[in-house]
S.K.: 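For reference, the structure I am asking about is given below.
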Amino acid sequence: MDKTYDPSSIEQRRYKEWEDSGWFAPAGDGDPYTIMIPPPNVTGTLHMGHAFQDTIMDALIRYHRMLGRRTLWQPGMDHAGIATQMVVERQLNAKGVSRTDLGREAFLEKVWEWKGQSGGAIANQFRRLGVSMDWSRDCFTMDPELQDAVREAFVRLYDDGLIYRGKRLVNWDPVLHTALSDLEVLSEEEDGFLWHMRYPLADGDEHLVVATTRPETMLGDTAVAVHPEDERYAHLVGREVALPLTGRRIPVIADDYVDPEFGSGCVKITPAHDFNDYEIGQRHSLEQINIFTIDAAINDNAPEDYQGLTREDARKKVVADLEALGLMEKIEPHKLMVPRGDRSGKVVEPYLTDQWYVRASVLAKPAIEAVENGSIRFVPENWSKTYFEWMNNIEDWCISRQLWWGHRIPAWYDADGKAYVGNDEDDVRKRHSLGPDVVLTQDEDVLDTWFSSGLWPFSTLGWPGETQELKTYYPTSVLVTGFDIIFFWVARMVMMGIKFMDDVPFHTVYIHGLVRDHAGQKMSKAKGNVLDPLDLIDGIDLEALVEKRTSSMMQPHLKAGIEKATRKDFPDGIPAFGTDALRFSFLASATTGRDIRFDLHRVEGYRNFCNKLWNAARFVLMNTEDKAGDTGDMTYSLADRWITSALARTTRAVHEHVAEYRFDLAARALYEFTWNEFCDWYLELAKPVLTSEGDEHASDRRGTRKCLLRTLEALLRLLHPMMPYITEEIWQRVAPLAGVEGDTIMLQPFPADDDGTVDEAAEADIDWLKQFVLGVRQIRGEMDISPSRRLDVLLAGASDADRTRIADHGTYLASLARLDSVNFLGEGDVEPPAAAALLGDMRILVPMAGLIDPEAEINRLQRQLGKVQQDLKRSEGKLGNEKFVKNAPEAVVATERTRVEEGRAAVSQLEAQIERIRLLIPGE
RNA sequence: AGGCGCGUAGCUCAGUGGUAGAGCACUACCUUGACAUGGUAGUGGUCGGUGGUUCGAUCCCGCCCGCGCCUACCA
């Protein structure tokens, strides 16, 4: 094995073996364990969030596969209607071609081309991450089979009266020319104005004042509303206002919606361009006057002067014209929530159009119950609140989009515009007995992407066919996803799953946090702080990183800032850390209910961890590889028994943590075992045994070699779900020596939680040894005694137990504490001047003999004494408190008593020791 | 406006009703035959503030301060 761990020489080779061998497919006859991947959009490449999420899923999948479950991880990608169409459209625009130039069919060809490219890049990224998805089942939401599923779902929902078509106010994106669902609209607070405008009464010379944030919409006003109990305006209700600029007369109405405290207490009502006003309009049968074109420019329903103006220009002109007429009372600065399309970033316009809707509240009911009754469990649990909050207030879901890329709505219209729904045109004619003379045209629109995503857990398994896969793998085991799509996706899958499969789509929803940059900022292309997971795996130099972050930007003016920040944050680019280090970083950061601040230093730390494991393996191999022929009796040493016990504890902990989705704790348990127990202590303890000479130690050597191999082999299996590559690479060499057969570690059994038993006696002995060694090291470290200098130590006050331990395990001490000799001081023996460490009642003495500065030793002992005294005081204080002794549990009181006892002994030992040394200092 | 979450070492984060932990960073020493991507020893915290419950609170409860996020129709 190479001296240094080099991931690049391992990873791609290993992945190819796994994939070529077909090991990712479900196998065996264990209980099924299934995860459906949240299909990434084919809009670009995988980002850190994907890598994080996929690592979690892969760890779960590999863990359960090793436990013998029949494990399916369903891969796939999402066509992502709006997002993908925009990407391709922008590319065309860059070449001076518009979507409409090409026409629908040719445009769709371009999108499919893009899908090929982007999908290929994503598939490559997936593989580099080491994910063990069953590629043979790879799916795309626009695959013919999935299109069938989508049509089937639409038709069934329609037949059940759960889908309807209607002209309603929708969120209209005037740039993309499509309707959006409520979820696709992001509202943010922005600075604006509140314009107070005077509306004269049609008769008489009174006027009232309305306040608005959107003065241009007054061109579509069809009423002014006041609160029914507002005495100021009671006499106006039922009268008419002469709407300025338009020459129209509109009524003054009374409606509860109006807040008399706000502004003047009068509200202009524009039913065609405001959701509240729409409702009020419905209640009062008001006319709806649409004043916008699909581009949100003023249309022919407005006075001629305004026609053709953009909404921004129209606003300016309306304001100016009202001012000229003396009808502008005042203009105040005002903060308001501005709704923008999540893709286009442009202000969304409430707009009257014909759209298709799903009656969501009907589907939501059983979906709410499923979480209430525990059929579906959120991890962490508090996300169920978010889910309930939305589901209990769910609005009908607008599912039609005026796009080209997506699932075409399976509805056909006759010449009169009557809609017929069916799987295809033939089906429609058959179902509705329409003769060939009736001309049918299919709806031009496509479905919201989330409509097909909602079917994902069963459409990927062959639904609406009654396949064996559906029977076996539905419902799935767990959904791993981010909180940002609980509404978009999780809720829809639950509704659709229960509707069509009569069962929940998954039993557990594990919600992970967001991956942010080191400063806690959300990663985004516009901020220029995104990281490509591949760049952490392979490394990237600074110039390439800057280029990557600043090229193909939508807002070129941000370029300089991004470049500057990148040069500051990554002065040396990014080193190659390898997949395993990246994966381990993700898992170790996966605490519950918390976003991740992604820190490169942490990845570096886990890269070092990989190196540590690598070298530990090298040590084991180096001591066992040429010893295969050395067979015979084996005896297991104290260290062997101890590490076996520690391994059993660690194994148990890993199982517990994974069961609770606490990957951070599982990762930490493994890290600590590997580094702090296996490497720091066990390998060191093994050395004196391995280097022992003579036949009388042959069985000890064989035992330790066996234990080294056995422990390492089990450790590799424990680590494999988290770090698949390095564990496979090492395992291939270790397994044969450990007597384990198999083609790959990924199909080996995961260590069971009852493997091995905890050996408390061995643990206590090793603990004593550690204290001994640490005591000597501390003296060495603080007294500046060279590590290379071997020491002779004396033991004072040793008990019989201490003597037994020295006799049985003394050889370890010589090696670990670098001692030449260990001797006991008898009762009457003269005690030489020495530095001392306490181990219970025993004192470990390192004679000074020029090694040690008495004053420094006194200082050191006094610091220790200070601490012991402080602790003692606290314990004595507690025991002096009657209430504590009376109320605290017996065990706690007993612990305190022991502490006092030991503390007092330590204090007197330390004081005596300080006295002894003080005598050595001349003049004292 | 409502809901959720966060505040622990310089940084990133675990954690527990009973003497506060890790990694990184920092200091000193060390090329000891696995590993300098390393080893050994060490420095560093009134656990955001304030009341309460308790024998005992960093942990449970109330309030306050600061910071996020999510929902919501105040023109």
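The structure displayed is predicted, hence computed values, not measured ones.
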S.K.: As a test of reading the structure: which of B:G18, B:A34, B:A75 is closest to the side chain of A:Val892, going by heavy atoms?
M.R.: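 Nearest nucleotide to the side chain: B:G18.
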S.K.: Quick one: label A:Glu395 by what it contacts on the DNA or RNA (base, sugar-phosphate, nothing), any heavy atom closer than 4.0 Å.
M.R.: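 Here A:Glu395 touches no strand at all.
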S.K.: Let's see if you can work this out: which of B:C55, B:U37, B:U43 has an atom nearest to the side-chain heavy atoms of A:Arg863?
M.R.: B:U43
S.K.: Can you tell me if the side-chain N/O atoms of A:Lys3 get under 4.0 Å from OP1 or OP2 in B:A36?
M.R.: yes
S.K.: Sticking with atom C1', work out how far B:G18 lies from B:C60, rounded to a whole angstrom.
M.R.: 15 Å
S.K.: What class does the angle between the rings of A:Phe598 and A:Phe586 fall in, given that below 30° is parallel, 30 to 60° is tilted and above 60° is perpendicular?
M.R.: tilted
S.K.: Considering only B:A34, B:A75, B:A28, which nucleotide approaches the side chain of A:Asp784 most closely?
M.R.: B:A28
S.K.: Under 4.0 angstrom, heavy atoms only, what part of the nucleic acid is A:Trp195 near: base, sugar-phosphate, or nothing?
M.R.: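 No contact at all - A:Trp195 keeps every heavy atom at 4.0 Å or more from the nucleic acid.
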S.K.: What about A:Arg780, does its side chain sit under 3.5 Å from the base of B:U40 through a donor-acceptor pair?
M.R.: no
S.K.: Can you tell me which stems RNA chain B forms, taking runs of 3 or more consecutive Watson-Crick or G-U pairs with both distances under 3.5 Å?
M.R.: B:1-7 with B:65-71, B:10-13 with B:21-24, B:26-30 with B:38-42, B:48-52 with B:60-64
S.K.: Under a 3.5 Å threshold, yes or no: a donor from one side chain and an acceptor from the other, between A:Thr898 and A:Glu901?
M.R.: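 Not at all, the side chains of A:Thr898 and A:Glu901 share no donor-acceptor pair under 3.5 Å.
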S.K.: Whole angstroms only, please: what is the CH2-P distance between A:Trp383 and B:C4?
M.R.: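 That distance rounds to 12 Å.
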S.K.: If you compare every side-chain N and O of A:Lys883 against the phosphate oxygens of B:G56 (OP1, OP2), does one of them come in below 4.0 Å?
M.R.: no
S.K.: Measure from the side chain of A:Lys612, starting at C-beta and using heavy atoms only, and say which of B:C55, B:G18, B:A34 lies closest.
M.R.: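 Comparing B:C55, B:G18, B:A34 against the side chain of A:Lys612, the answer is B:A34.
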S.K.: Around atom CD of A:Glu684, are there more than 12 heavy atoms from other residues, nucleotides or ligands closer than 6.0 Å?
M.R.: yes
S.K.: What's the closest nucleotide to the A:Val267 side chain, out of B:A75, B:U19, B:U37?
M.R.: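 When the side chain of A:Val267 is considered, B:A75 is the closest of B:A75, B:U19, B:U37.
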S.K.: Show the nearest heavy-atom pair for residues A:Leu670 and A:Phe609, with the distance to one decimal.
M.R.: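 What the structure gives for the nearest pair is O-CZ, 4.2 Å.
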S.K.: B:G51 and B:C59: how far apart are their P atoms, nearest whole angstrom?
M.R.: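 One P to the other, the span is 13 Å.
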S.K.: Between C1' on B:G18 and CG on A:Asn887, what's the gap in Å once rounded to a whole number?
M.R.: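 From A:Asn887 CG to B:G18 C1': 13 Å.
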S.K.: Is there a side-chain hydrogen bond (donor to acceptor under 3.5 Å, both in side chains) between A:Ser8 and A:Asp6? Walk through the geometry before answering.
M.R.: CA-CA 6 Å; A:Ser8 66; A:Asp6 173 27; 2.9 Å; yes
S.K.: Heavy atoms only, 4.0 Å cut-off, all strands: where does A:Leu774 land among base, sugar-phosphate and nothing?
M.R.: sugar-phosphate
S.K.: Map A:Asn382 and A:Pro889 onto RNA chain B by nearest heavy atom, then report which one ends up closer to the 5' terminus.
M.R.: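 Nearest-nucleotide comparison on RNA chain B picks A:Asn382.
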S.K.: Do A:Tyr606 and A:Phe577 come close enough that some side-chain heavy atom pair is under 4.5 Å?
M.R.: no
S.K.: A:Lys770 has an atom NZ; how far is it from atom P of B:A41, in whole Å?
M.R.: 12 Å
S.K.: Name the nucleic acid region contacted by A:Thr212, choosing base, sugar-phosphate or nothing; use a 4.0 angstrom heavy-atom cut-off, strictly under.
M.R.: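 Sugar-phosphate: the residue A:Thr212, judged by heavy atoms under 4.0 Å, touches backbone atoms but no base.
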S.K.: Please determine, for the side chain of A:Asn881, which listed nucleotide (B:A75, B:C55, B:U12) has the closest atom?
M.R.: B:C55
S.K.: Could you state the atom-to-atom distance from CD1 of A:Ile280 to C1' of B:A75 in whole Å?
M.R.: 9 Å
S.K.: Quick check on B:A34: is either OP1 or OP2 less than 4.0 Å from any side-chain nitrogen or oxygen of A:Lys687?
M.R.: yes
S.K.: Decide whether a cation-pi geometry holds between A:Lys612 and A:Phe678; the criteria are a distance under 6.0 Å from NZ or CZ to the six-membered ring centre and an angle within 45° of the ring axis.
M.R.: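 So A:Lys612 doesn't make the cation-pi contact.
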S.K.: Are the side chain of A:Asp221 and the backbone of A:Lys268 linked by a donor-acceptor contact shorter than 3.5 Å?
M.R.: no
S.K.: Taking CZ from A:Arg602 and P from B:C11, how many angstroms apart are they, rounded to a whole number?
M.R.: 16 Å
S.K.: Could you tell me whether the phosphate oxygens of B:C69, OP1 or OP2, come under 4.0 Å of any side-chain nitrogen or oxygen in A:Arg594?
M.R.: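 Indeed not, no polar side-chain atom of A:Arg594 lies that close.
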S.K.: Is any side-chain N of the basic residue among A:Asp517 and A:Lys527 closer than 4.0 Å to the acidic one's carboxylate O?
M.R.: no
S.K.: Are A:Ser264 and A:Tyr233 close enough, and set up right, to give a side chain to side chain contact (heavy atoms under 4.5 Å, CB included), and what steps lead you there?
M.R.: CA-CA 10 Å; A:Ser264 63; A:Tyr233 303 114; 4.0 Å; yes
S.K.: Applying a 4.0 Å non-hydrogen cut-off, can you work out what A:Lys268 is touching in the nucleic acid: base, sugar-phosphate, or nothing?
M.R.: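 No contact at all - A:Lys268 keeps every heavy atom at 4.0 Å or more from the nucleic acid.
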S.K.: Is any side-chain nitrogen or oxygen of A:Asn608 closer than 4.0 Å to OP1 or OP2 of B:G38?
M.R.: yes
S.K.: If I pick the P atom on B:U46 and the same atom on B:G21, what distance separates them, to the nearest angstrom?
M.R.: 15 Å
S.K.: Take atom NE2 of A:His227 and atom C1' of B:C74, then tell me their distance rounded to the nearest Å.
M.R.: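 Distance, rounded to whole Å: 13 Å.
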S.K.: Taking any heavy-atom pair under 4.0 Å as a contact, classify A:Lys867: base, sugar-phosphate, or nothing.
M.R.: nothing
S.K.: Does a side-chain N or O from A:Thr591 land closer than 4.0 Å to OP1 or OP2 of B:A14, or not?
M.R.: yes
S.K.: Given B:G42, is OP1 or OP2 found less than 4.0 Å from the side-chain N or O atoms of A:Gln778?
M.R.: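 For B:G42, OP1 or OP2 has a side-chain N or O of A:Gln778 closer than 4.0 Å.
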S.K.: Between A:Trp675 and B:G39, is there a side-chain N or O to OP1/OP2 distance below 4.0 Å?
M.R.: yes
S.K.: For the C1' atoms, the ones on B:C47 and on B:U58, what distance do you get once it is rounded to whole angstrom?
M.R.: 4 Å
S.K.: With rounding to whole Å, what would you report as the distance between B:G3 and B:G62 at their P atoms?
M.R.: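 Straight-line distance between the two P atoms is 13 Å.
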S.K.: Take atom CZ of A:Arg668 and atom C1' of B:G21, then tell me their distance rounded to the nearest Å.
M.R.: 7 Å
S.K.: Considering only B:G18, B:U37, B:U19, which nucleotide approaches the side chain of A:Asp871 most closely?
M.R.: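 Looking only at side-chain atoms, A:Asp871 lies closest to B:U19.
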S.K.: OP1 or OP2 of B:C30 less than 4.0 angstrom from a side-chain nitrogen or oxygen of A:Arg777, does that happen here?
M.R.: no
S.K.: Report the distance from atom CD of A:Glu188 to atom P of B:G68, rounded to the nearest whole Å.
M.R.: 13 Å
S.K.: So which nucleotide from B:A75, B:C35, B:C13 ends up closest to the side chain of A:His334?
M.R.: B:A75
